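Here's the structure we're looking at; comments come further down.
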Amino acid sequence: MNNHQVAEIFSAMADILDIMDANYHRVMAYRRAAETVDTLGRPVEEVWRQGELMSIPGIGDTLASKIDELMRTGELEAYQELTSQVPEGVVAMLDVPGIGPKSAARFWKELGLTTVEALEQAALAGRLRELHGFGAKSEQNVLDGIAFLKRRTGRSRLGDAWSLAQSILSQLRDVPGVLQAAPAGSLRRMRETVGDLDILVASPDAQPVTERFTHLADVDEVMLSGATKTSVRTRSGLQVDLRVLEPERWGTALQYFTGSQAHNIHLRGLALDRGLSLSEYALKSADESEILCASEADVYATLGLPPIPPELREDRGEIEAALEGRLPDLVALDDLKGDFQFHTTGSDGRHSLLEMARAARARGLAYALVTDHSHGLGVTGGLTAEGLRQQRAAVDAVNERLDGTFQLLAGIEVEVRSDGSLDLPADALAELDLVVASLHTGLRQPQEQFTERMVSAIRNPHVDIIAHPTGRLIGEREGANLDMEAVFRAAAETDTALEINAHPSRLDLRDVHVRRAVELGVKLVISSDAHSVEGFDVLRFGVGTARRGWATAADVLNTLSVLELLTWASRT
DNA sequence: GCCGTTTTCGGCCCGACTGTTTTCAGTCG
């Protein structure tokens with residue numbers, strides 16, 4: 001039983017307990033455990049086998065024994081018991097925006113509704129208003145919520161949300177009176193997907209900002225609009241929340257709206273320990289006097305903490321680390337001196353070697369590794385051994401032309417065949433500065449088989465870097481079933497680097513795997529996987545993912561100079 | 001259900017907005 005399956009069960013138990021009106025904090029304990037297990041970065045089964053379940057934050061006696069039961073038997077009696085008490089369809093009502101546990105329980109118990117469909121019919125028939133406290137508006141909200149559920153697009157990819165945010169921010173910054181405007185929420189934390197977009201604006205007058213916001217061309221529907229808070233739905237289906245605040249409260253507001261919720265709850269608990277109450281408006285002492293924070297650093301400093309980078313704010317130990325003065329010095333975009341994967345017209349890229357080199361240089365990079373596909377990946381028109389030799393000569397020519405202002409490195413994205421061998425001969429690979437190996441096929445192989453191919457590629461003496469290890473495509477494809485611990489161990493042992501592919505559809509390795517890799521001493525590279533000159537712009541998302549995985553500059557090969565890198569490449 | 005340099009019992013973040021209420025409960029983040 002894998003982490004996600006355990007998390008799903010705890011999460012479902014939380015929903016059911018919520019509907020049954022269990023103690024709120026008990027419900028939260030299940031939710032927190034689900035989140036923690038889901039993002040653990042290593043198999044919970046392994047932690048269980050080592051008898052260390054209780055070392056996981058939020059897992060105590062009871063939940064540890066439940067995980068134990070799941071691991072031993074594949075089932076959980078308490079879960080069966082709960083599912084037998086509340087109909088599945090009633091739990092499904094929680095997915096409808098605006099319907100929470102209290103409403104779902106009443107629809108079920110007072111109206112006998114046990115499915116979302118039945119709820120919709122009842123709302124259409126005007127039956128919901130029979131309930132005390134429900135009127136026509138509530139009924140319509142239920143219908144709107146169900147309609148939304150049916151056309152829901154799910155979470156947006158980081159890259160898409162980023163672009164939309166930039167567009168909205170640039171328009172709001174034009175509004176008179178606006179002093180600051182910034183994205184917050186999961187976008188600022190650089191999560192791989194974004195459920196809704198949070199935009200924060202500092203202005204003495206909210207009204208004109210709200211006015212402009214609700215009339216943006218992207219806006220499809222205004223969902224709610226109050227004095228300081230406005231929510232809209234954009235044409236792409238993404239919800240955008242705007243908050244307008246006084247400039248002197250910017251620090252507390254930005255801190256609050258950046259989240260995560262779990263981080264904030266933990267931080268507010270810490271504030272209470274210090275006799276302070278923290279909200280988005282201020283820190284308040286027991287006598288209700290306010291401490292205003294114009295910057296986030298002020299908020300953390302008032303609580304006796306160094307500033308915690310947004311990417312770490314998931315309540316995964318960052319507050320404890322801050323308290324103990326052992327926050328990592330995270331790798332930053334400016335630290336990157338090079339890129340480790342891009343494509344040209346030599347395979348499936350759109351631009352030439354020279355165009356790509358100039359584009360990389362224009363983005364402040366000192367070097368980049370060209371990695372066209374090898375011929376084995378048929379659809380890309382990849383390179384044969386002979387094509388590769390010709391490209392090697394072309395790389396030298398471009399380097400001469402750029403006259404020391406930039407260095408192209410000769411590489412390849414070589415295909416790992418189904419038997420774990422590479423589809424180019426060793427002598428061709430030996431000519432290259434660095435070799436990147438990829439598995440594009442057989443992603444549905446059983447875990448053991450795929451892991452074996454991967455580990456065999458890692459152990460191949462010619463291979464320096466493994467590209468996008470799991471092959472996942474966010475929102476489209478799960479990625480291979482891979483024993484990541486085995487991969488990390490082999491990579492650490494052979495000093496083979498693993499890629500963080502920065503493309504917003506990949507972000508592979510993902511954040512929690514980066515963290516585990518860093519713990520095990522695995523070297524990382526951040527790669528744009530650019531297929532055109534614009535493609536280098538995605539590196540920021542790779543850096544965000546590395547930061548979410550607690551990676552420092554020392555963990556990431558992109559921070560090496562080209563000489564240092566070539567020294568690393570000559571390791572045995 | 002978890003957790004502990006105040007505690008092994010009694011806490012567990014805080015506020016906006018909505019719809020229905022005459023002061024608040026539910027939902028959301």
Side-chain angles (χ1 to χ4, degrees), chain A residues 10 13-14 17-19 21-36 53-67 78 82 93-107 128-129 131-142 144-145 184-186 189 194-200 206 210 222-231 239-245 249 252-253 255-284 299 303 313 315 319-320 323:
Chain A
F10 283 170
M13 291 176 79
L17 287 166
D18 214 355
I19 291 168
D21 202 24
N23 178 286
Y24 168 80
H25 301 288
R26 183 173 170 222
V27 173
M28 290 301 287
Y30 275 93
R31 290 207 204 290
R32 170 151 198 249
E35 172 70 15
T36 304
L53 285 175
M54 302 265 290
S55 70
I56 301 173
I59 304 291
D61 280 318
T62 306
L63 290 177
S65 76
K66 286 187 165 52
I67 294 174
L82 284 176
M93 291 178 191
L94 299 182
D95 291 335
V96 180
I99 296 182
K102 300 288 189 290
S103 304
R106 294 191 62 197
F107 295 148
L128 300 189
R129 66 188 74 178
L131 295 176
H132 181 73
F134 278 80
K137 276 271 185 60
S138 310
E139 219 160 53
Q140 189 56 46
N141 283 346
V142 167
D144 290 346
S186 44
R189 302 200 312 278
V194 173
D196 53 34
L197 203 55
D198 293 295
I199 301 285
L200 198 58
T210 304
V222 177
M223 300 170 66
L224 66 86
S225 191
T228 64
K229 179 179 174 178
T230 301
S231 294
Q239 178 179 331
V240 187
D241 296 337
L242 170 76
R243 290 278 193 142
V244 188
L245 286 119
R249 300 182 191 272
T252 39
Q255 194 290 317
Y256 170 71
F257 289 109
T258 297
S260 65
Q261 191 177 28
H263 174 89
N264 285 353
I265 288 173
H266 193 156
L267 200 66
R268 288 173 175 204
L270 194 74
L272 288 177
D273 291 346
R274 288 152 169 60
L276 298 166
S277 163
L278 173 61
S279 77
E280 57 263 51
Y281 299 103
L283 281 147
K284 249 190 254 175
V299 179
L303 297 174
R313 299 182 199 167
D315 196 24
I319 291 176
E320 292 84 349
L323 283 166

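All values derive from a computational prediction rather than experimental measurement. In the text below, chain A, chain B and the rest are named by the order of the sequence lines, each starting its count at 1.
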Subject >> Watson-Crick/G-U partner (both atom distances under 3.5 Å) of B:dT8 >> reply: none

Original post:
With nearest nucleotides of DNA chain B determined for A:Leu224 and A:Ile265 from heavy-atom distances, which residue corresponds to the more 5′ nucleotide?
Top reply: A:Ile265

Subject >> Pairwise C1' distance for B:dT8 and B:dG1, with rounding to whole Å >> reply: 14 Å

**OP:** For B:dC3 versus B:dT7, give the span between their C1' atoms, rounded off to a whole number of Å.
**Re:** 10 Å

Original post:
Taking C-beta and beyond as the side chain, do A:Gln239 and A:Ser231 meet within less than 4.5 Å on heavy atoms?
Top reply: yes

Original post:
In Å and rounded to the nearest 0.5 Å, what is the OG1 to CG distance from A:Thr228 to A:Leu245?
Top reply: 6.5 Å

**OP:** May I ask you to say what A:Asn141 touches in the nucleic acid, namely base, sugar-phosphate or nothing, with a heavy-atom cut-off under 4.0 Å?
**Re:** sugar-phosphate

Original post:
For A:Leu200 and B:dA16, what is the distance between atoms CG and C1' respectively, to the nearest whole Å?
Top reply: 14 Å

Original post:
In Å and rounded to the nearest 0.5 Å, what is the CG to OG1 distance from A:Leu200 to A:Thr258?
Top reply: 7.5 Å

Original post:
Is the number of heavy atoms from other residues, nucleotides or ligands under 6.0 Å of A:Asp95 CG greater than 12?
Top reply: yes

Original post:
Is there a donor-acceptor pair under 3.5 Å between the side chain of A:Glu280 and the backbone N or O of A:Tyr256?
Top reply: no

**OP:** Indicate yes or no for a side-chain donor-acceptor contact from A:Thr36 to the backbone of A:Arg32 under 3.5 Å, with no hydrogens or angles considered.
**Re:** yes

**OP:** Based on the glycosidic angle (syn within 90° of 0, else anti), state the conformation of B:dT21.
**Re:** anti

**OP:** Taking atom C1' in both B:dT6 and B:dG11, compute the distance separating them and give it to the nearest angstrom.
**Re:** 13 Å

**OP:** With heavy atoms under 4.0 Å as the rule, sort A:Ala33 into base, sugar-phosphate or nothing.
**Re:** nothing

Subject >> C1' spacing across the pair B:dT21 / B:dG26, given as an integer number of angstrom >> reply: 13 Å

**OP:** Take the protein atom CZ of A:Arg31 and the nucleotide atom P of B:dC13, then report the distance between them rounded to whole Å.
**Re:** 15 Å

Subject >> Nearest-angstrom distance from the residue atom CZ of A:Arg26 to P of B:dC3 >> reply: 16 Å

Subject >> From CG (A:Leu270) to CG (A:Leu323), nearest 0.5 Å >> reply: 5.5 Å

Original post:
Under 3.5 Å, is there a donor-acceptor pair between the side chain of A:Ser225 and the main chain of A:Thr230?
Top reply: no

Subject >> A:Arg189 (side chain) donor-acceptor with A:Ala184 (main chain) under 3.5 angstrom >> reply: no

Original post:
Once you round it to whole Å, what is the distance between P of B:dG1 and CZ of A:Phe10?
Top reply: 10 Å

Subject >> A:Met28 CE to B:dG11 C1', straight-line distance once rounded to whole Å >> reply: 15 Å

Original post:
What is the nucleic acid contact for A:Leu272, judged by heavy atoms within less than 4.0 Å: base, sugar-phosphate only, or nothing?
Top reply: sugar-phosphate

**OP:** Write down the distance separating the C1' atoms in B:dT20 and B:dA25, rounded off to the nearest Å.
**Re:** 9 Å

Original post:
Hey, is the side chain of A:Ser277 poking within less than 4.0 Å of OP1 or OP2 on B:dC14, counting only N and O atoms?
Top reply: yes

**OP:** Rounded to the nearest angstrom, tell me the gap between atom NE2 in A:His263 and atom P in B:dC14.
**Re:** 15 Å

**OP:** Calculate the interatomic distance between A:Arg32 atom CZ and B:dG1 atom C1'; express it in whole Å.
**Re:** 11 Å

Subject >> Side-chain N,O (A:Thr62) to OP1/OP2 (B:dC2) below 4.0 Å >> reply: yes

Original post:
Does A:Lys102 have any side-chain contact (heavy atoms from CB on, under 4.5 Å) partners at least two apart in sequence or in another chain, and if so, which?
Top reply: A:Asp21

Subject >> Separation between the C1' atoms of B:dT23 and B:dT18, rounded to whole Å >> reply: 15 Å

**OP:** Mind calculating the distance between OH (A:Tyr30) and P (B:dC2) to the nearest angstrom?
**Re:** 8 Å

Original post:
Under 3.5 Å, is there a donor-acceptor pair linking the side chains of A:His263 and A:Asp315?
Top reply: no

**OP:** Quote, to the nearest angstrom, the P distance that separates B:dC13 from B:dC17.
**Re:** 22 Å

Which atom pairs link the protein and nucleotides 8-10 of chain B when you take only N or O atoms and keep those under 3.5 Å?
none

**OP:** Report, as a single string ordered 5' to 3', how protein heavy atoms within less than 4.0 Å touch nucleotides 20-29 of chain B: B base, S sugar-phosphate only, - not at all.
**Re:** S-----SSSB

Original post:
How is A:Thr228 classified with respect to the nucleic acid when contacts are heavy atoms under 4.0 Å: base, sugar-phosphate, or nothing?
Top reply: sugar-phosphate

